[in-house]
Amino acid sequence: MKGFESRNTAVVLIDVQEKLIPAMSGIDLLLNRVKLLVEGAGALGVDCIATEQYPKGLGHTLPEGAALWPP
């Protein structure tokens, strides 16, 4: 098995969307951990990807989460 290689690794944020947030518990802790994860990934040169399920109905990724993602 190969060791860690940033070119073969990605961080994926899945469906942290505006209308789904009320169903999630501990959203402040979640956003804090997402920030830590994204900052760490950036330091290691790992790509970050966010997905949205049906943004027309569920809204977009929370602005607080989207702001963490690199352009």
Side-chain angles (χ1 to χ4, degrees):
M1 182 173 175
K2 287 180 149 183
F4 168 81
E5 294 182 21
S6 61
R7 66 181 179 181
N8 297 328
T9 306
V11 171
V12 182
L13 179 67
I14 300 171
D15 300 344
V16 181
Q17 293 168 257
E18 297 160 326
K19 292 188 181 175
L20 294 175
I21 293 307
M24 296 179 186
S25 62
I27 190 62
D28 291 332
L29 179 59
L30 172 70
L31 289 174
N32 183 279
R33 300 299 165 99
V34 166
K35 179 180 180 188
L36 183 63
L37 181 62
V38 170
E39 289 173 350
L44 295 171
V46 173
D47 290 333
C48 296
I49 303 163
T51 68
E52 295 177 345
Q53 172 181 254
Y54 187 59
K56 183 177 179 180
L58 297 175
H60 293 284
T61 299
L62 274 183
E64 299 93 320
L68 302 173
W69 244 236

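Quick note: residue numbers are just sequence positions, from 1.
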Who are the side-chain hydrogen bond (donor to acceptor under 3.5 Å, both in side chains) partners of Gln17, not counting sequence neighbours?
none
Applying side-chain hydrogen bond (donor to acceptor under 3.5 Å, both in side chains), can you list everything that pairs with Asp28, at least two apart in sequence or on another chain?
none
Do Leu58 and Glu18 make a side-chain contact, defined as non-hydrogen atoms from C-beta onward lying under 4.5 Å apart?
no
Side chains of Leu13 and Val38, heavy atoms from C-beta outward: is any pair under 4.5 Å?
no
State the [atom1]-[atom2] distance between [X] and [Y], to the nearest 0.5 angstrom.
X	Y	atom1	atom2	value
Ile27	Ile21	CD1	CD1	3.5 Å
Asp15	Leu62	CG	CG	11.5 Å
Lys35	Leu37	NZ	CG	13.0 Å

Identify the heavy atoms of [X] and [Y] that sit nearest to each other, and give their distance.
X	Y	value
Gly45	Ser6	O-CB, 3.5 Å
Gly57	Lys19	O-CD, 3.1 Å
Ala10	Val46	CA-CG1, 3.7 Å

Going only through I, L, V, M, F, W and Y residues with side-chain contacts under 4.5 Å, is there a path from Val34 to Met24?
yes
Check whether Ile14 and Leu20 end up in the same hydrophobic cluster, where Ile, Leu, Val, Met, Phe, Trp and Tyr are linked by side-chain heavy atoms less than 4.5 Å apart.
no
Counting only N and O atoms by type, is there a donor-acceptor contact under 3.5 Å from the side chain of Glu52 to the main-chain atoms of Thr61?
yes
